[in-house]
Amino acid sequence: MTDTDDATTARPEVADVEVLRYAAFPDGAAGGNPAGVVLEAASLDDATRLAVAASVGYSETAFLEPSRRDGEFRVRYFSPLAEVAFCGHATIAAAVALAERRGSGPLLFQTLAGAVEVSTAESDAGLTATLTSVPTRTRPASGEELTAALAALRWRSTDLDPRYPVHVANAGNDHLVLAVSNRTRLADLHYDYGMLAALMAERGWTTLQLVHAHTPLLFSARNPFPPGGVVEDPATGAAAAALGGYLRALHLVDPPAQITLLQGTDMGSPSRLLVDVTRDDDRVQVTGSARSIR
């Protein structure tokens, strides 16, 4: 059988997979980050999942496998290029999709990054979902990492906000956290895609969490995402959780605290993520809504 025959045979299988489409973390009735959701994925092998994610074309698609325990699911996430251990916005999208069909309540997602508790609830804005991250951790970035990242971003060290040390933060995936002192610097993002993609692959970073602090509890954020095959993510739940853990660990917020992240504005897809940190728990909660994309 030729490669052409293989591709022809695979296409109907991919086309037959039911994919729900949601935008997670929209700021109001518009915006948010699109995610695919496959609620019945137990019969799909990895190659098919990757092909489905590529055909959907969003930064991630979540594939759910129900377990024998009510409300518990095995969840795996695929970008158009590869599997990722955890994806926050696809988790929110999947939870809202389940709540629309099953009713709101607690859920447990077993992911490659660990067990992730999720709750859904009705609000004035409709259904919302809250994920509780795996335990967060953070470490200072090395001088070599910072120099390489600044070169790829075409930024200078003088652009950085000295109140926020450069770290690699983790809430299931690694994210380089860079804070700039000027909002205009964040808006003017024209990075070297190839250089940054190579650096992130070498270091195992999923996104860069680029932020500007308006106040200690309000941030604008942008997330370059070459590992997912896209230039930028308009809303990134995993990076938001990692930022919350970073702020808590470095005592840059006074828990309990809720941090608001405004993301996607510079892309024309405004998004709002609410991040809650507590004093005695390394885990972080991230809350948002999701709207169906028809």
Side-chain angles (χ1 to χ4, degrees), residues 6-26 29-67 71-104 107-113 116 118 120 126-129 131 172-173 206-207 223 225 227-238 264 267 269 271 273 286 288-294:
D6 285 338
T8 303
T9 302
R11 285 191 193 104
E13 185 179 352
V14 170
D16 288 343
V17 176
E18 182 182 8
V19 182
L20 307 175
R21 290 167 169 80
Y22 284 81
F25 299 115
N33 192 1
V37 178
V38 178
L39 294 179
E40 296 288 343
S43 64
L44 305 180
D45 62 20
D46 288 5
T48 303
R49 295 177 195 224
L50 186 59
V52 169
S55 69
V56 171
Y58 296 155
S59 57
E60 277 99 2
T61 295
F63 295 83
L64 279 65
E65 302 175 32
S67 77
E72 182 175 334
F73 298 82
R74 185 185 185 205
V75 186
R76 294 172 65 191
Y77 308 91
F78 286 77
S79 81
L81 297 180
E83 184 172 12
V84 297
F86 178 67
C87 173
H89 83 276
T91 294
I92 297 296
V96 169
L98 286 170
E100 289 178 347
R101 289 153 181 80
R102 299 160 46 96
S104 58
L107 300 164
L108 182 63
F109 287 178
Q110 299 289 356
T111 77
L112 293 181
V116 175
V118 187
T120 56
L127 279 168
T128 62
L131 67 86
N173 303 312
T206 299
T207 70
N223 284 130
F225 189 34
V230 297
V231 172
E232 184 177 356
D233 232 6
T236 318
M267 302 173 61
S269 187
S271 306
L273 302 88
V286 181
S289 60
R291 59 181 180 86
S292 178
I293 303 173
R294 303 300 180 185

Exercise. So Y58 and V56, side chain to side chain contact (heavy atoms under 4.5 Å, CB included) or not? Walk me through it.
Worked result: CA-CA 6 Å; Y58 296 155; V56 171; 3.4 Å; yes

For this session: Evaluate the criterion side chain to side chain contact (heavy atoms under 4.5 Å, CB included) for residue pair T236 and T206; output intermediate values, then yes/no.
Result: CA-CA 10 Å; T236 318; T206 299; over 6 Å; no

Exercise. Can E40 and R101 be said to form a salt bridge (charged side-chain N to carboxylate O under 4.0 Å, His left out), step by step?
Worked result: CA-CA 13 Å; E40 296 288 343; R101 289 153 181 80; over 6 Å; no

For this session: Before giving the answer on side chain to side chain contact (heavy atoms under 4.5 Å, CB included), spell out for T61 and V38 the whole-Å C-alpha distance, their side-chain angles and the decisive distance to 0.1 Å.
Result: CA-CA 7 Å; T61 295; V38 178; 4.2 Å; yes

Problem set entry | Residues I92, Y22; criterion side chain to side chain contact (heavy atoms under 4.5 Å, CB included); working and verdict | CA-CA 9 Å; I92 297 296; Y22 284 81; over 6 Å; no

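At least one donor-acceptor pair under 3.5 Å links the side chain of S271 to the backbone N or O of P234. No donor-acceptor distance shorter than 3.5 angstrom exists from the side chain of R49 to the backbone of E83, with no hydrogens or angles considered. Not a single donor-acceptor pair under 3.5 Å links the side chain of T120 to the backbone N or O of A95.
Between S55 atom OG and L50 atom CG the span is 10.0 Å, to the nearest 0.5 Å. Taking CG of N33 as the reference point, atom CD of E60 lies at 7.5 Å (rounded to 0.5 Å). Distance check, rounded to the nearest 0.5 Å: CD of E232 to OG of S59 gives 11.0 Å. Atom CG of L44 is separated from atom CZ of F78 by 9.5 Å, given to the nearest 0.5 angstrom.
Between D46 and R76 the shortest side-chain heavy-atom distance falls below 4.5 Å. Side-chain contact check for L131 versus F109: every heavy-atom pair is 4.5 Å or farther apart.
Here the rule is side chain to side chain contact (heavy atoms under 4.5 Å, CB included) with S289, and of L127, T128, V96 only T128 fits it. Of the candidates T91, T111, N173, Y77 forms a side chain to side chain donor-acceptor pair (under 3.5 Å) with just one, namely T91.
Summarising the geometry of A235 relative to A24, their closest heavy-atom pair is CB-O, 4.0 Å, with the distance given to 0.1 Å. Summarising the geometry of G228 relative to L81, their closest heavy-atom pair is C-CD1, 4.2 Å, with the distance given to 0.1 Å. The nearest pair of heavy atoms linking A93 to A290 is CA-CB, 4.2 Å. Contact record, C87 with H89: SG-ND1, 3.3 Å, taken as the closest heavy-atom pair.
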